[in-house]
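Below is one structure, written out as structure tokens, with a few remarks after it.
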Amino acid sequence: MTWRLGVDVGGTFTDLVLVAPTGEALTRKVLSATGDYATAIVAGTLDLLAAAGIEADALDEILHGTTVATNAILERRGAPTGLLTTDGFRDVLEIGRLRLARLYDLDFERPAPLVPRRWRRTVVERLDHRGEVRIPLDAASVHEALDRLLAEGVRSIAISLIHSYADDRHEQAVAAIVRERAPDIALTLSSELLPEVREFERTSTTVTNAYVLPVMDQYLGRLEAELARLGSDAPILVMQSNGGVMTSAEGRRRPVHVIESGPAAGVIAAAALARRIGQPNAISVDMGGTTAKASVVEDYQIQRAGEFEIGGNVSQGSRINKGSGFLLRVPAIDIAEIGAGGGSIVRVDDAGQLHVGPRSAGAIPGPACYANGGTEATLTDANVCLGVLHAERLQSGLRLDGELARRAVTDQVAAPLGLSLHDGAHGVYLLGCARMARAVRAVTVERGRDPREFAIVAFGGNGPLFAAEMAAGLGIGTVIVPPAPGVFSAVGLLEADLEHHLVRTFMRSLDTTTLEAVAGAFDAMEAEGREILAGASKDGRLELTRFVDLRYTGQSYELTIPLPAEGDPAARLASLVEAFAAEHERTYGHASRTDPISLVNLRLTAGVRDRAARGAGRLPAAPAASHSDREVWFGRDEGLRTVPVLGRADLDATPRSGPLLVDEYDATTLVPPRAAACLDEHGNIVIATTETR
């Protein structure tokens, strides 16, 4: 039996869940310390340890989700990074896929590459797609390129040479020169990070890893040191974008895998909840202080994408609308993310258009009502004005100043639009719902799914405030608010498996290759997977799952198909071909049983399953609400209503009609008029949106 700590760092709040050997859980929500996130983690950890009556050395495992790498990219705070690439490929980052997110918008510009052109230097060398040397590596060209980068003061270097996925000898030789001359420079080799065909994807992913590597290395190193200073020697496991966790050492070496760390944890928690309550199709909706995220759980399965973009208009793993951000070719949970959270800044532009986000007030200075120096109106300020949030305090103990909120919303929203305070604030609230609905549509309608066939699992500090109204507008009939919704992503960390994904390009015709040759290549990948996971967990079952990327010969893109594990070679091959045809039919609407098939990549998922420590434990019962009433404005049709304020324990299996508010330590749930709420056997608030709008 173990003590386990889950820590999820967001742009506004840091959420913590401590699970005791008995399964009992304690939670905390503290303001994030912008620029030094470890400070908030240490403060929250000390608070939880004191509440549990234990010392730091009692911790056995710390699971961590973080936005540090994400923010470094979005805010351009990564390390000065150089790129060494093959002569003739200096501009591959700007050429990209020649795709634009807005094709006919002449003013549209993609974000500038993370590595400016003067820091992209070429070396003389060339391999072909088989890994055979066409032009030997010229060491003098490497020294010359390195001289230029060192003179410019770069702190990290990405090495991405043409066809290095087929043979890494030239990349290793270049790396040896860099290590000899500049041992303190951080290095990322594409042949180690992503030995996969396609130059742009491989180079973009390698450069992004190099850009955030010094930042994450420093951050995780400081976090390890701070926790060690408290007396803890517990291993730190970091959530990956794909939904598994990796060791802190791997996180410091391959930080590109933790770009969507925090959002992934929430989806893991939503999927575990869906399995627990028997809800096969669910939409995870996580609205925090800075962003709103949505993802789909279908037939109890999390949906994943082989690549995603960050820094675009809508960060998502969609097959469409690419070209507005930085492409990362790493497995990730398919999440749509937009800049709309409680701290999102509200403004009226010169044309009289109301906007919510994407800029956020964050934790410092925060919304105007925090009375911490913030002067710009936010979604949270609008909710205070509407009455859905208490004008003086939150259940967590955070003090609010309702007068500052009213002043900000009046001056910056209501007055410019010629509206009353209530109407202006309600417009902000509805726009927040619309922004959240945009993320939901990105993972449902834009993927060919009908959102009305799903239930919403709403969490985050603001998700339960907006979910019912948003769901009604989309025609979704059920909203589920889990216990401890404000720290639910931290709960997801405790549900995650240790997992790592490996890929190797293995270009063959399926007609001419043999499964024995494929198995030999997989054996080498499995050895690497075992080495990565060695010592990462004291218990659990090591599971190695094989996949192959297939396409019809002549196609440009592949489909990932599980490799049959049992049966004679002929039967396994026939099964693989049939599975590919079926997936091609489902994805593209057609398939052929006679066209030749090409094998492109081998993929391996190495994971530790059935760990005894896995699971979030029993979350604490919510403290009783004040049982007072609040005056809440529901728009011109409903007007000002007196709304009862309840605790979660005040609900039972009998549906209770809205409007009503459920105040908890970490979130407030709004049940609007014409909706009803009850409590299920698992302690979830279940809201029936009886009318669609």
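All values below come from the heavy atoms of this structure, side chains included, with hydrogens, waters and symmetry mates left out. All values derive from a computational prediction rather than experimental measurement.
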* **Spacing of CE belonging to Met287 relative to OG belonging to Ser344, to within rounding of 0.5 Å** =>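 Answer for the CE-OG pair, Met287 versus Ser344, is 6.5 Å.
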
* Asked: Say you draw a straight line from CG of Leu328 to CD1 of Ile73; how long is it, rounded to the nearest 0.5 Å?
  ->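 The CG atom of Leu328 sits 6.0 Å away from the CD1 atom of Ile73.
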
Nearest heavy atoms of [X] and [Y], plus distance in Å:
X	Y	value
Asp666	Val487	OD2-N, 3.5 Å
Ser204	Thr208	O-OG1, 2.8 Å
Asp8	Leu493	N-CD1, 4.0 Å
Ala377	Gln412	N-OE1, 2.8 Å
Thr444	Ile283	CG2-CD1, 3.8 Å
Pro464	Val481	CG-CG1, 3.8 Å

Any side-chain donor near an acceptor of the partner, [X] and [Y], under 3.5 Å:
X	Y	answer
Asp299	Gln301	no
Thr378	Asp381	yes
Thr291	Lys293	yes

* Please step through side chain to side chain contact (heavy atoms under 4.5 Å, CB included) for the pair Met239 and Val245, ending with a clear verdict. => CA-CA 4 Å; Met239 172 62 72; Val245 291; 4.2 Å; yes

* To do: With side chain to side chain contact (heavy atoms under 4.5 Å, CB included) as the test, would you mind laying out the steps for Arg648 and Ile685 before giving the verdict?
  => CA-CA 7 Å; Arg648 183 177 292 249; Ile685 299 173; 3.6 Å; yes

* Show your working on side chain to side chain contact (heavy atoms under 4.5 Å, CB included) between Thr668 and Leu661 and close with a plain yes or no. => CA-CA 7 Å; Thr668 294; Leu661 291 165; 4.0 Å; yes

* Check step by step if ring-ring contact (aromatic ring centres under 6.0 Å, His included) holds for His500 and His257. => CA-CA 9 Å; His500 200 80; His257 287 284; 5.7 Å; yes

* Going by the side-chain hydrogen bond (donor to acceptor under 3.5 Å, both in side chains) test, which pairs reach into residues 358-368, not counting sequence neighbours? ->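 side-chain hydrogen bond (donor to acceptor under 3.5 Å, both in side chains) check on residues 358-368 returns Arg359-Glu376.
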
* To do: Using the side chain to side chain donor-acceptor pair (under 3.5 Å) rule, take Thr203 and Ser160 through it: C-alpha gap first, then chi angles, then the decisive distance, then the call.
  => CA-CA 6 Å; Thr203 303; Ser160 182; 3.0 Å; yes

* Of Phe466, Trp633, Phe634, which is the lone residue that meets ring pair (Phe, Tyr, Trp, His ring centres under 6.0 Å) with Tyr429? ->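 Among the candidates, only Phe466 passes.
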
* Mind running side chain to side chain contact (heavy atoms under 4.5 Å, CB included) on Phe547 and Thr605 for me, showing each step along the way? => CA-CA 8 Å; Phe547 302 86; Thr605 300; 3.7 Å; yes

* To do: Give a yes or no on whether a salt bridge exists between Arg449 and Glu298, defined as a side-chain N under 4.0 angstrom from a carboxylate O.
  =>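 Salt bridge flag = yes for Glu298 with Arg449.
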
* Carboxylate-amine/guanidinium proximity below 4.0 Å for Lys29 and Glu664 ->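 No, Lys29 and Glu664 are not salt-bridged.
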
* Asked: Which residues satisfy the ring pair (Phe, Tyr, Trp, His ring centres under 6.0 Å) test with Tyr552, sequence neighbours excluded?
  ->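 With neighbours one apart ignored, the set is Phe580, His584.
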
